[in-house]
Protein chains: 2
Amino acid sequence: MDNEVLRQAPLFSALDDEAATALRGSMSETRLRRGDVLFHEGDAGDRLYIVMDGKIKLGRTSSDGRENLLAILGPGQMFGELSLFDPGPRSATVTAVTDASFASLSHEDLLKWLEGRPQVARGLLAQIAGRLRKANDVNADLVFSDVPGRVAKALLDLADRFGRTADDGVHVHHDLTQEELAQLVGASRETVNKALADFASRGWLRLEPRSVVIMDVDRLRRRAR
Amino acid sequence: MDNEVLRQAPLFSALDDEAATALRGSMSETRLRRGDVLFHEGDAGDRLYIVMDGKIKLGRTSSDGRENLLAILGPGQMFGELSLFDPGPRSATVTAVTDASFASLSHEDLLKWLEGRPQVARGLLAQIAGRLRKANDVNADLVFSDVPGRVAKALLDLADRFGRTADDGVHVHHDLTQEELAQLVGASRETVNKALADFASRGWLRLEPRSVVIMDVDRLRRRAR
DNA sequence: TGGCGCGTGTGACCTGCGCCACTGGATAGG
DNA sequence: CCTATCCAGTGGCGCAGGTCACACGCGCCA
């Protein structure tokens, strides 16, 4: 792992070389293969992770075994921040959606390193605050939007973060099965499939295994709100 | 406002008198009557508020005008913390559910006062982290629970925070109309009414205007999960 | 190379719940 | 005191979406 990769994380993008090197010193690296679980909801643990490569899903399981995804995270994004300030068991299960690697840092080391770097501390808080805002948005969507709307919104979000624009549209290699997509938007696999098929039949997008090509972003965006 | 009232807030309960007095110095007080709005979603503002007395609702309005409540807050609870770390327009509208009074504090004053009081700063972060956890829980409920389940859950939560136990049950003066309760759980007023009526007919609770008496907490709890 | 599992695509139900319509009681304002 | 408004209660209708059932293709391993 070198400083460059670390700087992918918005949080650390502005660090000078000295600071980045110091941080790296106390970080360790982990690798997972698709489907592997990093930790489970309920586990103890106080490490903060930063995705270096690959994608992970953050999910929770209901008492009757059904699953619901809180987020899909990719390179540069972090997770486990909750346990930094609100000690206690992990509130979600983290599973690799593709082969992935992470840098991680103990609560303690992070806080020590953060001392004297109030800018970064601020940034960290802003991230948490942003997450809270986003969680509230998701709530509103669950109440107000129908399933196709939520699917459209999810695709646009994934496109923002993982999409590559080509001349035939925005290629979004989300690496999710439709089942996972369904868990992400809080709907059944079948309904999500039908929504996707409908979008495709309108020419808004093209379906590919574990990915989509969005051909009419505007239409999709209008369907999302 | 005196130091005692301030100490109702868990965040400030452990302050010594000097610290509390210092804090009070930079706080100002506001009063509202039932139905009055403190600020709207989208407004500018960076004050942190603490409810001293009464109850408020934190809500957002969808593009087509429908409303959705994020939380009901009572004495000792605070809001507006988001704008502390994530500057930008207010993300929710705050309305008084009963006559209410608040202490408030500017972003700037708070941060200044917080310097040298890392314990309190930590506590503040823990509150935000807790809110995030809770928001995620609500998401899961919206996905997995039916309306009666969410109503039961909401009642139990309100009971925890505002209930008074008597020998005929737990009296919960929530001060919410059924319409508001419905917005809180993300359902229609009618459906919530029917759920409540059903609970009442089973003898789990008794309905009173803007309040309920829970007579069988256990049953209700079992219905909630 | 044949079978098996996994992801996807699609139709046929069934039902929870949103929306509408109306009633009756309570509260407030002229 | 009468009317207007708000809130609670209840029935009926329609539909979005969950569940079930099944079919197809593709990759993997024995």
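Just so it is clear: chains get the letters A, B, ... in the order the sequence lines come, proteins before strands, and each one is counted from 1.
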| Atom-to-atom span, CZ of A/Arg34 to P of D/dC28 - whole angstrom | 14 Å
| message | Would you say B/Thr191 places a side-chain N or O within less than 4.0 Å of OP1 or OP2 belonging to C/dG18? | response | yes
| task | Select base, sugar-phosphate, or nothing to describe what A/Thr177 touches, counting heavy atoms under 4.0 Å on all strands. | result | sugar-phosphate
| field | Separation of C/dC6 P from A/Glu180 CD (nearest whole Å) | value | 13 Å
| remark: Checking C/dG11, C/dG18, C/dC17 against the side chain of B/Asp146 (C-beta onward), the nearest is C/dC17
| Atom NE2 of B/His174 to atom C1' of D/dA8: distance rounded to whole Å? | 12 Å
| Between D/dG18 (P) and A/Glu179 (CD): distance, integer Å | 12 Å
| query | Between D/dA16 atom P and A/Arg223 atom CZ, what is the distance in whole Å? | reply | 10 Å
| query | How about A/Arg150 and A/Ser145: does a side-chain donor come under 3.5 Å of a side-chain acceptor? | reply | no
| Out of A/Thr98, A/Asp175, A/Asp99, which residue meets the side-chain hydrogen bond (donor to acceptor under 3.5 Å, both in side chains) rule with A/Lys55? | A/Asp175
| remark: Between B/Ala197 and B/Leu207 the two heavy atoms that sit nearest each other are N-CD1, 4.4 Å
| field | B/Val147, nearest nucleotide to its side chain (from C/dT8, C/dG18, D/dC7) | value | C/dG18
| remark: Within residues 193-203 of chain B, those residues having any heavy atom closer than 4.0 Å to DNA chain C are none
| said: Within the 4.0 Å heavy-atom criterion, would you say A/Arg189 contacts the bases, only the backbone, or no part of the nucleic acid? | reply: base
| Does the C/dC20 base have a donor-acceptor partner in the side chain of B/Glu190 within less than 3.5 Å? | yes
| said: Nearest to the side chain of A/Leu207, heavy atoms from C-beta on, is which of D/dT19, C/dG9, C/dC17? | reply: C/dG9
| query | For the pair made of CG in A/Leu142 and P in D/dG18, what is the distance, rounded to whole Å? | reply | 11 Å
| task | Take B/Gln178 and B/Asn193 through the test side chain to side chain donor-acceptor pair (under 3.5 Å) and record every step on the way to the result. | result | CA-CA 7 Å; B/Gln178 294 185 351; B/Asn193 178 290; 2.8 Å; yes
| query | Just how far, in rounded Å, is P of D/dC26 from CD of A/Glu208? | reply | 14 Å
| query | Separation of A/Gln178 atom CD from C/dG7 atom P, in whole Å? | reply | 11 Å
| said: Side-chain N or O of B/Arg150 versus OP1/OP2 of C/dG16: is the shortest distance under 4.0 Å? | reply: no
| field | Over all atoms of both residues, closest heavy-atom pair of A/Phe199 and A/Pro148 | value | CZ-O, 3.5 Å
| field | Nearest non-hydrogen partners of B/Val170 and B/Gly163, listed with the distance | value | CG1-CA, 4.0 Å
| query | So, for A/Phe39 and A/Ala92, which heavy atoms are closest and what is the spacing to 0.1 Å? | reply | CE1-O, 3.4 Å
